[in-house]
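Since the structure comes first, as structure tokens, the remarks are kept for the end.
Just follow the structure's listing: the first ligand is 1, and inside any ligand the first atom is 1.
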Amino acid sequence: MKSPSKSALRGKWVLITGASSGFGAAAAKAFGAEGAKLLLGARRVDRLEKTAAAAKKAGAAAVHFHDLDVSSTASVEAFMAWAHPLIQGRAKTGRLHVLINNAGGAHGLDTVAQGRDEDWEVTFQTNVLGLLRVTRGALPLLPHHAGATILNIGSLAGRVAYAGASAYCAAKAGELSITRVLRHELFGTGIRVSTVDPGLAETEFALVRFKGDAQKAEALYAGTNPLVAQDIADILVWIASRPAHVNIDELLVKPTDQADMGKVYRRS
Ligand code: NDP
Ligand code: 8X3
């Protein structure tokens, strides 16, 4: 692994939403290992505390965490009111280098005919509106012409359709669309915008989708060789470390054993 002293991310501020588990927690550790300064948000603060300790141990220059519910404008505004002075520092010159819009997930696997409003609403609130709210709050802190980066987490589900995922597919297609819109809106600022779109990855994603049913969640991954959170974290660090003139626009990442949505090779 590269020494933090040589990393382009050393001493740079990185804000990660959904840092209490899965990709977000792994990203905190990976950016920490690069010597970055971290701001972490999620609803489960006890889990953020564990992420923060792991990131600090990995080499983070600073780690701060705060309760964040991206589905609430008030919560995002409170989070930003906390984050801004930390980033700006006393001299008010500090800037955010990387924003990782990762918080999200799927809720239920019902068909449209059986679908529930509350599942659809939370899916859009987190994956789409949450991303918009957090980005709006962070944009004033992103410097122009400095290789600053917005990294959005999309999904294979945003590019293909499958039964039972109407709201989730639409939400992640929305995330892809917002990423492309931001490329236009931020044209000429030097701020980079990327989407990383994973396929099957073993995190707490399935547990959330199946509303805590561990058996169903385990069955999804049984016999497969899925992506793990570290795979995505490494990719996020790689993207943010490219030279400032390079924008990795869209990256679709699947396990070798996944040819398509629902086409996953299961080894006995
Ligand atoms: P996890 O369930 O492990 O992590 C989800 C994270 O999002 C948690 O930290 C959770 O924190 C946070 N989160 C959820 N809702 C909110 C909210 N309202 N406010 C703030 N934070 C929230 O799953 P993953 O790591 O897999 O998921 C991360 C992202 O990756 C999601 O956007 C997901 O859609 C996407 N993705 C996942 C794939 C997979 O197969 N695992 C594949 C493709 C994309 P807390 O509950 O503490 O608030
Ligand atoms: C998560 C991937 O295949 O469960 O975004 O929709 S999938």
Side-chain angles (χ1 to χ4, degrees), residues 15-29 40-52 65-76 78-79 100-109 119 121-131 133-134 151-176 178-179 195-212 216-217 219-221 224 226-233 235-236 251-255 258-264:
L15 193 164
I16 306 173
T17 70
S20 59
S21 70
F23 301 158
K29 212 170 148 192
L40 311 175
R43 293 164 303 175
R44 289 171 295 171
V45 176
D46 56 326
R47 296 280 296 266
L48 283 180
E49 199 172 348
K50 290 192 177 119
T51 302
F65 57 92
H66 192 280
D67 169 65
L68 170 67
D69 181 353
V70 299
S71 70
S72 150
T73 299
S75 174
V76 173
F79 183 88
I100 304 181
N101 282 310
N102 164 73
H107 298 268
L109 196 56
D119 287 340
E121 281 162 11
V122 73
T123 302
F124 275 83
Q125 278 292 350
T126 50
N127 296 282
V128 181
L129 299 179
L131 185 154
R133 290 184 186 105
V134 172
L151 290 166
N152 295 329
I153 304 298
S155 170
L156 174 60
R159 295 171 178 271
V160 302
Y162 63 102
S166 55
Y168 187 62
C169 287
K172 288 305 194 189
E175 175 278 337
L176 178 59
I178 293 165
T179 301
T195 180
V196 175
D197 301 347
L200 187 73
E202 190 163 7
T203 61
E204 293 177 23
F205 174 87
L207 199 61
V208 173
R209 161 165 267 175
F210 296 122
K211 301 175 192 290
K216 274 192 188 169
L220 179 73
Y221 303 115
T224 69
L227 298 171
V228 294
Q230 184 69 43
D231 298 322
I232 302 305
I235 287 166
L236 296 174
L251 199 57
L252 178 61
V253 190
K254 290 185 282 191
Q258 181 174 30
D260 207 341
M261 186 62 80
K263 189 165 181 183
V264 179

Suppose we measure from [atom] to each protein heavy atom; which comes out shortest, and what is that distance?
atom	value
atom 42 (C) of ligand 1	Gly199 O, 3.2 Å
atom 21 (N) of ligand 1	Ala103 CB, 3.4 Å
atom 18 (N) of ligand 1	Asp69 OD1, 2.9 Å
atom 10 (C) of ligand 1	Ser20 OG, 3.8 Å
atom 34 (O) of ligand 1	Tyr168 OH, 2.6 Å
atom 2 (C) of ligand 2	Ser155 OG, 3.6 Å
atom 7 (S) of ligand 2	Tyr162 OH, 3.5 Å
atom 1 (C) of ligand 2	Phe205 CZ, 3.4 Å
atom 1 (P) of ligand 1	Ser21 OG, 3.4 Å
atom 39 (C) of ligand 1	Ala201 O, 3.5 Å
atom 3 (O) of ligand 2	Met261 SD, 3.2 Å
atom 46 (O) of ligand 1	Arg43 NH2, 2.9 Å

Is the closest heavy-atom distance from [X] to ligand 1 below 4.0 Å?
X	answer
Gly154	yes
Ile153	yes
Lys172	yes

Item to check | ligand 2 contact by Arg209, heavy-atom criterion under 4.0 angstrom | outcome: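 In this structure, Arg209 qualifies as a contact of ligand 2 - some heavy atom is under 4.0 Å.
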Checklist entry - Do the ring planes of Phe205 and Tyr168 sit parallel (below 30°), tilted (30 to 60°) or perpendicular (above 60°)? => result tilted
Evaluate [X] for polar contact with ligand 1, using N/O atom pairs at a separation under 3.5 Å.
X	result
Phe23	yes
Pro198	no
Val70	yes
Arg44	yes
Asn102	yes

Item to check | Gap separating the CE atom of Met261 from the CG atom of Leu156, nearest 0.5 angstrom | outcome: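 These two atoms lie 3.5 Å from each other.
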Item to check | ligand 1 atoms in contact with Gly22 (distance to a heavy atom under 4.0 Å) | outcome: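 Selected atoms, number and element: 3 (O), 25 (O).
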Checklist entry - Is a side-chain N or O of Asp69 found less than 3.5 angstrom from the main chain of Ser75, in a donor-acceptor match? => result no
Checklist entry - If only atom types and distance count, is the side chain of Glu175 paired as donor or acceptor with the main-chain N or O of Gly158 below 3.5 Å? => result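 No; judged by distance alone, with no hydrogens or angles, the pair does not exist.
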Checklist entry - Above 12 or not: heavy atoms from other molecules or residues under 6.0 Å from NZ of Lys211? => result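 Buried by this count: over 12 neighbours within 6.0 Å.
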Checklist entry - Does the pair Phe65 and Thr51 meet the rule for a side chain to side chain contact (heavy atoms under 4.5 Å, CB included), with working shown? => result CA-CA 9 Å; Phe65 57 92; Thr51 302; over 6 Å; no
Item to check | Passing candidate, side-chain contact (heavy atoms from CB on, under 4.5 Å) with Ile153, options Leu236, Thr17, Thr195, Leu131 | outcome: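 Exactly one option meets the side-chain contact (heavy atoms from CB on, under 4.5 Å) with Ile153, and it is Leu236.
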Item to check | Asp197 and ligand 1 - part of the residue with a heavy-atom distance under 4.0 Å | outcome: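 For Asp197, no heavy atom sits under 4.0 Å from ligand 1.
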Item to check | Atom indices of ligand 2 within 4.0 angstrom of Ala157 heavy atoms, with elements | outcome: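 Listed by number with element: 6 (O).
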Item to check | Options Asp67, Val134, Leu156, Leu68, ranked by nearest heavy atom to atom 20 (C) of ligand 1, top entry | outcome: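 It is Leu68 that holds the nearest heavy atom.
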Next on the checklist: Going by side-chain hydrogen bond (donor to acceptor under 3.5 Å, both in side chains), Asn101 matches just one of Asn127, Thr179, Asn152. Which one?
Outcome noted: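 Answer to the side-chain hydrogen bond (donor to acceptor under 3.5 Å, both in side chains) test with Asn101 among Asn127, Thr179, Asn152: Asn152.
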Checklist entry - For the side-chain hydrogen bond (donor to acceptor under 3.5 Å, both in side chains) test, which of Lys254, Lys172, Arg159 pairs with Asp197? => result Arg159
Item to check | side chain to side chain contact (heavy atoms under 4.5 Å, CB included) between Tyr162 and Leu109, worked out | outcome: CA-CA 10 Å; Tyr162 63 102; Leu109 196 56; 4.1 Å; yes
